[in-house]
Structures are given as structure tokens and as C-alpha cells.
Amino acid sequence: MKLHEYQAKALFAQYGIVIPRGQIACSIDEAGQAAASFGGACVLKAQIYAGGRGKAGGVALAHTVEQAREIARGLLHRRLVTAQSGEQGLPVNSLLVEEIVPVARELYLSLTLDRNAGYYCLIASPEGGVDIEQIARQTPERVRRLTIDPLVGLRAFHARGIARFLQLEGHLGDAAVELILSLYRCFLEKDASLLEINPLVVTEDNRLMAMDAKFSIDDSALFRQRDLAILKDDSQFDPLEVRAARSDIAYIKMDGRIGCLVNGAGLAMATLDMLTECGGHPANFLDVGGGADQEKVVQAFRILLEDPNVAGILVNIFGGIMRCDLIAESLIAAVKAIGNRIPIVVRMAGARREEGRQLLEEQTDLNIVWQDGLASAAHAIVQLLAPST
Amino acid sequence: MAILIDRDSRIVVQGLTGSSGRRHGLLCRDYGSQIVAGVTPGKGGMHIEGIPVFDTVAEAVETCRADVSMIFVPPPGAAEAILEASEAGIRLAVCITEGVPVRDMVLVNRALMSSSMRLIGPNCPGLITPGQCKVGILPGEIHHPGSIGVVSRSGTLTYEAVQQLTDAGLGQSTCVGIGGDPIIGTSFIDVLTLFNDDPDTEGVFLIGEIGGTAEEQAAAWIRQHMRKPVAAYIAGMTAPPGKRMGHAGAIVSGGAGRAVDKISALQDSGVMIAESPASMAIAMQKALNAAGSGSHDS
């Protein structure tokens, strides 16, 4: 789960990390008032769950209150498309309005998981404000990566080494040590999966300040981070994804016409691959999970049928612990409850498959076609939809 | 003889008194696994269908000589359950639990470095040595004893692969689901190493997916060390970047973790790639034929 920049900065402030003065604005008037509190000179930053805002016009400078209002009018309650937001863009419901801080140097600092080591790691670079992956490729000596042994932790001597690497000396060096240790404490206490300050700046008046903030939280830890879990901004997701999440269904909207209902994440990915191989375009990734009950299957069906792009559905179930005949019953119940006008191809394998098949084939008026194999099922749904394209 | 588990494995179920622990503990016993004990703190002295329950893993080890643990403890207590198994002298812990916080696993991962216990999972379907022993939630009936080792990050996709192998007359020595989380106890390379040294395994089928670089590392290892034919399928060719595809570890981020890179790394190491999820067994048979050991066993 991601946090907005303003929420991340508020958390940083709680940990003693210096951030620019700022206010959140949800309307043009609020943006104007915030700008006025800085004498008109301010930076306005669109709050969305995606990076690449600067290049997309989501971060803008104003010198007067009127300019700030004008910028707010152009950004608020519109969708902002950035390199990372997807083609549809994300809705801008709030702006972070901050003081303009004159900057002497820009640096980079982050904490994340090193999957290979199974440890957390700190990444630092004296080159901030730019794409860190590009720096790592072009000038790897300008990026320092420190793997953190969880039994030792991130210590002051580690932080001093990083401060030196960032060429921060004297009182700035001390500030950097304090900031790095605070950031690590915040990372652990909030179960973060990524904390990134890009740029971390040295201001012209020689202060160390977090100018930007990216904050992601481990979804698996939300049960013990309830005060953060409630910050989730549903407006940043497709409404169907929000619905699916509430039913504990893993669902990702895509842009094709074939709705997919599968049990298991790996099999769901393979089903999308299979469809694509057959010339089809999946409308979604959907994993009902291993222990799906009838209620969940009905929910999954509703989500598929409510997507206006879905012209046909492919169901792929491998019955293990979850028996095919129970899934077949759930499917029938779902289609009967919701009603259905579009073709559904069902493929099942594994436990009690024949019983499932029999149940489905008894229902001749539900527009359900049975297929034995994964490939033949994918071909069947692609062909059923072909004439109408 | 297979790898990791066989008919002599003595299994304790941590979380036996919970609904999944009970259900799958009994299903494993029905399959033929020796479920010798259960552990739930505070429920010691109880019995579940004749299986004694203890408060601690240490008691289960001492009283029932358990050497393998199957863990169904919910996420908040899963890490502690793994650590307890390790300290009690368990040889192999299989953590089925999905949704264990990464911070907990970072610590477990570090603690297990000085332990002789092997961890499989978390967030995995477990493992099975067909005809002998099952530890986990895999459907026993699709498996057939034979000489193909299967290793996978997935659940139902593995069952799909196994069904295809069984239908093609390719039985399995052992099938191991290593789990779909970013931090897991046992890697592809660990399992490949075991299969490489197992006289009952003639070839290996590997099922990978997007996210991380475990498949690339496996490819590098295979090129250097693997003496047996390997075939593989990688799921997620069509996954959109930046989205987490169900599994906590299945995400393409910053250009890393892409299926195409994994496939080309494996191909470069001589692994036979199943181009389609419908042709997994065909790829395995091709790999065996190419290695000159295309024996059918059934």
C-alpha cells in the first residue's frame, strides 16, 4: 500500500526529519489561502499514487496567489497522466502547497528490501532529483548500497559512512546521521517496504531537508498498522479493484475484452498468457484464491460482469482442495443470480471435475460452454468473440 | 528415496486445532503421512482425531519424535512458530501461511542462518513425495510416483503442471512448492541441488513467474552444476508492469523481474522452455529425449 507524499512527510516530521512547510489543499480557494500564507511564492504538487509527476506537469511553481489559483484550477479534480500512472492517469483530489526552499545540493536516500539477500538495504547517492536506476547504470560508483543485518541493525557508524559518501560534513554530517537513523526506525516501526527521499536536499541556509517522499507499506503487515491502513485512498484505484479488494479477491483491470476467473495467482497469470497466445485480449487478472466459497465466486462474477468491456468470460479452475463440483454449483448460482448475456467458457481440472462438468452441462440455457483443455478453452472463448470484432 | 520427505517422516502440525490446520493435517494423514502430533499453545492435552496436541514443539519432538513441522499458524504468529520449530530441533519446517509480514521474515531468514532447520515457504502449497508422504495442501490424487522432480513458486499452476506430467506418463519423485513471497526459506537452487543428487530423480520441471531474479539465479546455477535435464515454464509474459499479480512477490518493477529475461536466461543455460502453459509436459518430455533418457514410468 502506498501513502501520498503529504502523508509520508507528516510521518517523517513525527520522526524529526525536516520537511518544507506545507499545507494540503482540496479546492482552488484552499490552494489560494495556502499560497497566501507563503506570500504567494509556493510550489504546488499533485497528490497521486504514481511518480513522474514533475515531467507530467503535476508539480508547478507559483509566484503569486493568483498564479497558484490558476495552477490549482488546472490540476484539481482532473486526471494526471504520468509515465508511471497508466494511460488513464490518476485523479488529483488534493495538492500539497509548500514554501519554496532555495536548494544548494540534491542527494538521494532510500530504504527497501533486497530480495536476493533477504535483508533490508539502504541506497544513497550524492546525485539526487533524478532517476536513481539511471545513475546506478551510468555511474555505479556514485551509488552506495548498504545491506543491513537485522540482528545488528543500522548503526550510527553505518550512517556516518553514508554521510561521508554523501559529502555531508560538520553539522550537516551530524544531521545526516540523525536523519538516516530516524528513517530506519520509521521504516521498521511502520512496516515499510519502500521509503525514498528523492531529493534529499541541502538548503542554501545549510539545512538537510526531505523535499519529496515516497512511502510504501508491506500489505501483509497492515493488520498491525491499522492507523496507516485507513489512509488508503480508494480514488487512486479502479472502482472494480476497490470492490475486489473488499471481497479479498486479487483483481487487476486490464484493457481487453475477455474476463478471466481463475483460482491461484500463478495459474491466473498462465491463463492470461494462454489467452494472449491464442490472439485474445484479457480484460483482467482475477484470482479467487485457494479457499473460495460460493459467496466469493458470486462476487468475482459480479465484478467481471460489471466491467463494460467484458464481452466474454473464461473460467479456469484447478480443483484441489477446492472441488470442481462446488465451484460449478457456485458458478451456476452466480449466473442465475446476476443474469448473463455473454458467452462463458469453463475449463476445469482436478478434484471432482466430471461431477462439475455434468452439473454445468445440465444447464443448457446459461450460455456456458465446457472445454477440457487449457488451450482449447482459450481458443474457444477467442473464437466465440471473433465475429463481433 | 526422493528428497526432503518420505514415508518415515514424522510430522507435527503447528496450528492443528485451527480450521485449516485440522483439515489439512487430517488430509495429509489420509494420504499416508505420519501426522504424529499437533501444537497449539494453551491446548496441550487435547486430541484431534487421535492426534495428541502439545503446548510446545519441543514436547512434540521429545514425546513423538517429530522431525518435520507443517505450519498453519496465522500471520501474526507465523514467524514465531518457525523460530520455535527451529529451536526445538525440527529438521524441516513447511510454512503454508500466506501473508507473513516481510519484516518478520527478514528476521527469521537471518536467525535460520545459524540453524540446521530447512524452511520451505511461507505462502506455499507444501511438498509431496507421491505414494509416500504429503506435507501441505496439494491435492494428492493428481500425483503419481516417478522420476521427475517438480519445483515451483506457485500453487494451482503446479497442480496443472503435475496433472500434465501424470497424464503424459511422467510420474514425480518429489514436488516442492517453494512459495510466492519475496523472502522464502528454500530457493530454486536449494531444491535443484537436492534433485541433482537424488538418484530417484531423472529430470526436473521448474515453474517460475515474474518478480525478483530467482529464475535468473537458478539459470546460472543450472549452467554450472546441473547434470540432469531441466524444463521450465515462466508465468506472467503478459503481466502489466508495476502491478502485483496476486502473489506478494509477483511484480515487475523498474524493468526487473520480467518473464522474457527469465526465459532467455534459462534458455541460455540449456533449459527446455514450455512456450505455453498447455505444453509443460511436452517440454519435459523433449528435455528428457534430448538428454537421451526419455523413459516412461507409470
Side-chain angles (χ1 to χ4, degrees), chain A residues 50 84 86 113 115-120 132-133 148-151 187-188 191-193 218-224 250 252 254-255 262-277 282 285-287 289-291 316-322 349-351 373-376 378, chain B residues 20 23-24 27 75-76 99-107 109-111 125 137-139 141-142 152-160 163 180-183 207 209-214 217 233 235-240 242-250 254-255 259 275-279:
Chain A
Q84 299 171 27
L113 176 71
R115 285 175 66 145
N116 291 335
Y119 284 168
Y120 292 125
I132 189 66
E133 276 153 16
I148 303 162
D149 182 329
L151 295 189
F187 188 90
L188 292 184
D191 274 301
S193 52
D218 175 13
D219 290 315
S220 295
L222 290 175
F223 69 84
R224 62 186 181 201
I252 293 163
M254 295 167 71
D255 37 21
V262 188
N263 67 329
L267 189 60
M269 276 186 265
T271 305
L272 303 189
D273 293 347
M274 188 77 234
L275 265 178
T276 307
E277 187 190 320
F285 165 97
L286 190 155
D287 167 19
N316 185 19
I317 298 291
F318 202 104
I321 301 315
M322 192 163 151
L374 181 51
S376 62
Chain B
S20 327
R23 177 160 176 230
H24 292 290
L27 281 169
V100 182
V102 171
R103 171 155 60 90
D104 297 3
M105 282 311 300
V106 167
L107 201 60
N109 177 49
R110 176 67 178 84
I137 60 175
L138 322 94
E141 63 279 5
I142 59 171
S152 171
R153 277 167 74 182
S154 175
T156 47
L157 180 57
T158 317
Y159 313 159
E160 177 77 39
Q163 179 84 69
D181 272 3
I183 299 183
I207 300 153
E209 63 186 35
I210 55 164
T213 53
Q217 289 162 17
Y233 172 70
M237 277 298 284
T238 52
K243 299 281 190 179
R244 189 170 63 82
M245 306 298 276
H247 288 153
E275 302 286 347
S276 157
S279 59

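Note on naming: letters A, B, ... go to the chains in the order of the sequence lines (proteins, then strands), and numbering restarts at 1 for each one. All of these numbers come straight from a predicted model, not from anything done at the bench.
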Among [options], which residue has the highest count of heavy-atom pairs closer than 4.5 Å to chain B?
options	result
A:Val262, A:Leu374, A:Leu222, A:Leu275	A:Leu374
A:Leu267, A:Ile148, A:Asn116, A:Asp149	A:Leu267
A:Ala50, A:Gly118, A:Ala349	A:Gly118

[X] versus chain A, heavy atoms under 4.5 Å apart: side chain, backbone, both or neither?
X	answer
B:Val100	backbone
B:Gln217	side chain
B:Pro125	neither
B:Ile137	both
B:Ile183	side chain

Atom group of [X] that falls short of 4.5 Å from chain B, counting heavy atoms:
X	answer
A:Leu113	side chain
A:Ala268	neither
A:Ala117	backbone
A:Leu286	neither

If we define contacts as heavy-atom pairs under 4.5 Å, which of B:Ser279, B:Ala111, B:Pro75, B:Pro76 has the most with chain A? B:Pro76
Chain A contacts, top residue of B:Ala235, B:Pro139, B:Pro277 (heavy-atom pairs, under 4.5 Å): B:Pro277
side-chain contact (heavy atoms from CB on, under 4.5 Å) filter on B:Ser152, not counting sequence neighbours, yields B:Ser154, B:Thr158, B:Ile207
Backbone of B:Arg103 reached by a side-chain donor or acceptor of A:Tyr120 within 3.5 Å: yes
Treating B:Thr156 as the side-chain partner and A:Asn263 as the backbone partner, does any N or O pair qualify as donor plus acceptor under 3.5 Å? yes
So, for [X] and [Y], which heavy atoms are closest and what is the spacing to 0.1 Å?
X	Y	answer
B:Pro101	A:Arg224	CB-NH2, 3.3 Å
A:Glu277	B:Ser276	OE1-CB, 2.9 Å
A:Ala351	B:Glu141	CB-OE2, 3.6 Å
A:Pro150	B:Arg110	CG-CB, 3.5 Å

Pairwise distance CG(B:Leu157) to CZ(A:Phe318) - rounded to 0.5 angstrom: 10.0 Å
OG1 of B:Thr238 to CE of A:Met274: how many Å apart, nearest 0.5 Å? 11.5 Å
Would you say A:Met269 and B:Ile210 make side-chain contact, with heavy atoms under 4.5 Å? yes
Say whether A:Asn316 and B:Glu160, considering side chains only, have a donor N or O and an acceptor N or O under 3.5 Å apart. no
Sorted by chain and number, sequence neighbours left out, side-chain hydrogen bond (donor to acceptor under 3.5 Å, both in side chains) with B:Tyr233 holds for A:Asp273
